[in-house]
Novice: 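Structure provided below as structure tokens; questions to follow.
This structure is a prediction, so every number in the text was calculated from the model and none was measured. Computed from heavy atoms alone, side chains included, the values below leave out hydrogens, waters and symmetry copies.
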Amino acid sequence: MSSPALDVDAVAAFLQAAELASFTRAAEALGSTQSLVSTRIKRLETTLGRLLLQRHPRLVRLTPEGERFLPAAREFLAAHGRALAAFTEEPERIAVGISEQAAGPDIPLLLSRLAAHDPGLVVNLRIEPSSLLEAAFEAGELDVVLVRRVGGGRTGEVLREDVFGWFASPALMPWPDAPLPMISLVTECRLRRHAIEALTRCGRPWREAFIGGGMAAVLAAVSGGLGVSPLASRIAPRDAVDVGADWGLPPLGRSQVVLRSQVSSARGRSFVRELAAAFRG
């Protein structure tokens, strides 16, 4: 008795829905429709005789069978991509810039997952503050950038809006008469400047407690109780709390995560769709 054949598009639909936890975002990443994604996944489940995903109104979760199938699905699509790329002359290169204030500390892991969907695409990644990335994009050095904007800006696709807060370890105690110990990224960081301007306007003294060269270092400093950091709530450490109201700190408002792209190839546009879907609110 022959084994059932797996449909590549159905496996791709399952993988995107599983990784993005959403049929809507999976459809965006695939350049498809939500109904078609759902139909393909149901067809795959029928072929395998297993329920792979639990459908909820606003969330998609893997079943135990889906968890078991997930690594095999990744290997299957990677092998399919290598087979298609066997006769291509040159791999396609795409220069990507991502701000850690927009994406958090797990950028390399995310990019490696996205690139694995197309082995013929070589991703050249730059992780820098948003201001530097937008300048590089304008100069034609980068094909696509994902940045965080405070206030207005140039053109681009808004993927989501985030709320800012002042995050610190719950163990850190306020000292009303002492300068605020601030943790931030490098001086080029827009959010750092935005926070300093807000403190200056309300007359709150502050001091440098820690300057991190990367978001992982900043989050570690926050969790370690070295000070207070202005962060988007989405990327703040799970063990941190927003102390802004209790400490009488000025509100920082909201910001936008924006995608700008000048990619023209079909392969590059497919990658950009996946990137946008991964970061959409």
Novice: So that I can tick it off, tell me whether R148 and D162 are bridged by a salt bridge, with the cut-off set at under 4.0 angstrom between side-chain N and carboxylate O.
Specialist: yes
Novice: Using side-chain contact (heavy atoms from CB on, under 4.5 Å) as the criterion, list what pairs up with P129, not counting sequence neighbours.
Specialist: S131, L132, V186, E188
Novice: Between CG of L180 and CD1 of I183, what distance do you get to the nearest 0.5 Å?
Specialist: 9.5 Å
Novice: If a pair satisfies ring-ring contact (aromatic ring centres under 6.0 Å, His included) and one of its residues is in residues 57-80, list it, with sequence neighbours excluded.
Specialist: F14-F69
Novice: Indicate the atoms forming the closest heavy-atom contact of A168 with V222, along with that distance.
Specialist: CA-CG1, 3.9 Å
Novice: I need the full list of side chain to side chain donor-acceptor pair (under 3.5 Å) pairs touching residues 224-243, with sequence neighbours left out, sorted by first then second residue.
Specialist: S223-D239
Novice: Does some side-chain heavy atom of Q54 sit less than 4.5 Å from a side-chain heavy atom of V60?
Specialist: no
Novice: Specify the closest pair of heavy atoms between L133 and E128, including all atoms of both residues, with the distance to one decimal.
Specialist: CD1-O, 3.4 Å
Novice: For L125, what residues pass the side-chain contact (heavy atoms from CB on, under 4.5 Å) criterion, not counting sequence neighbours?
Specialist: V96, I98, I107, L111, I127
Novice: Quick one: CZ on R260 to CG on D143, what's the gap to the nearest 0.5 Å?
Specialist: 13.0 Å
Novice: Quick one: does L259's side chain get under 4.5 Å of R280's, heavy atoms only?
Specialist: no
Novice: Could you tell me the separation between the CG atom of L199 and the CG atom of L249, rounded to the nearest 0.5 Å?
Specialist: 6.5 Å
Novice: List the atom of A217, the atom of F210, and the distance in Å for their closest heavy-atom pair.
Specialist: O-CE2, 3.6 Å
Novice: With the threshold set at 4.0 Å, does a side-chain nitrogen-carboxylate oxygen contact exist between E134 and R190?
Specialist: yes
Novice: Measure the spacing between CZ of F279 and CG of L159 and express it to the nearest 0.5 Å.
Specialist: 8.5 Å
Novice: Please identify each residue that fulfils side-chain hydrogen bond (donor to acceptor under 3.5 Å, both in side chains) with S264, with sequence neighbours left out.
Specialist: none
Novice: Show, in sequence, the C-alpha distance, side-chain angles and deciding distance for S255 and E161, and conclude whether the side chain to side chain donor-acceptor pair (under 3.5 Å) test is met.
Specialist: CA-CA 6 Å; S255 68; E161 287 195 350; over 6 Å; no
Novice: Taking side-chain contact (heavy atoms from CB on, under 4.5 Å) as the definition, give me every residue that meets it alongside A195, ordered by chain and number, with sequence neighbours left out.
Specialist: W166, M182, P230, L252
Novice: Any donor-acceptor pair under 3.5 Å linking the side-chain atoms of S130 with those of Q101?
Specialist: no
Novice: Check E45 against L53 and note the closest heavy-atom contact, atom names and distance.
Specialist: OE2-N, 3.2 Å
